[in-house]
Amino acid sequence: MAVPGSSMLYSFLLFTVILSLQEMYRGKLASSELFTILGGFISSLLFLVLLTFIGNFQETCGMRTGWGAVILAEAVALVAASTVHRVCITTCFLFSAALLYEVNKISGMVLPKSESKTKRL
């Protein structure tokens, strides 16, 4: 597992690259139905890397992570999706919900129950 500092840096760099590429190809992503769905998926990847960045930042600062990080990352991803197309907002939300479910499931398998409860206290 990566240390929070390097993971935070990598996720910020990925966020910057993905957002830049999405804005560069915004016209292409809005040109057809399939590309519009792809634009929503790309925005949900923004959600994932921004959630990683916020979570690592809070862990580095010693703060507790919670639903605030999820809501902030989702809001930023939805705003980024809205710059491409209106339908991208809906598909971004749906893909982000699926990604959040999978991340929660994976973290439940990786982290033992006792470790996750001690971090919350």
Linking I/L/V/M/F/W/Y whenever any side-chain heavy atoms sit under 4.5 Å apart, do M8 and F15 land together?
-> yes

Under a single-linkage definition using a 4.5 Å side-chain heavy-atom cutoff for Ile, Leu, Val, Met, Phe, Trp and Tyr, are V49 and F57 assigned to the same hydrophobic cluster?
-> yes

OG1 of T52 to OH of Y10, rounded to nearest 0.5 Å, is 14.0 Å

Quick one: does R26's side chain get under 4.5 Å of T83's, heavy atoms only?
-> yes

Could you state the interatomic distance from CD (E23) to CD1 (I18), rounded to the nearest 0.5 Å?
-> 12.5 Å

For residues T36 and T91, determine if any side-chain heavy atom of one lies less than 4.5 Å from a side-chain heavy atom of the other.
-> no

Does S7 use its side chain to pair, donor to acceptor, with the backbone of V3 at less than 3.5 Å?
-> no

Drop me the distance from C88's SG to F41's CZ, to the nearest 0.5 angstrom.
-> 13.0 Å

Can you hop from L51 to L19 via hydrophobic side chains spaced under 4.5 Å?
-> no

Closest contact, heavy atoms only, Q58 versus G66 = OE1-N, 4.3 Å

Over all atoms of both residues, closest heavy-atom pair of H85 and A30 | CD2-CB, 4.1 Å

Report whether L38 and V84 are members of the same hydrophobic cluster (ILVMFWY, side-chain heavy atoms less than 4.5 Å apart, transitive linking).
-> yes

Look at the side-chain heavy atoms of Ile, Leu, Val, Met, Phe, Trp and Tyr, link any pair under 4.5 Å apart, and say whether L94 and V70 land in one connected group.
-> no

Mind checking the CG-CZ spacing from L46 to F95? Nearest 0.5 Å is all I need.
-> 13.5 Å

Taking all heavy atoms of V79 and all of S82, pick out the closest pair and write down the distance.
-> O-OG, 2.6 Å

Closest heavy-atom pair, A81 versus Q22, reported as atoms and distance to 0.1 Å, is CA-NE2, 4.1 Å

From CZ (F47) to OG (S44), nearest 0.5 Å = 8.5 Å

CG (N56) and OG (S11) are apart, to the nearest 0.5 Å, by 6.0 Å

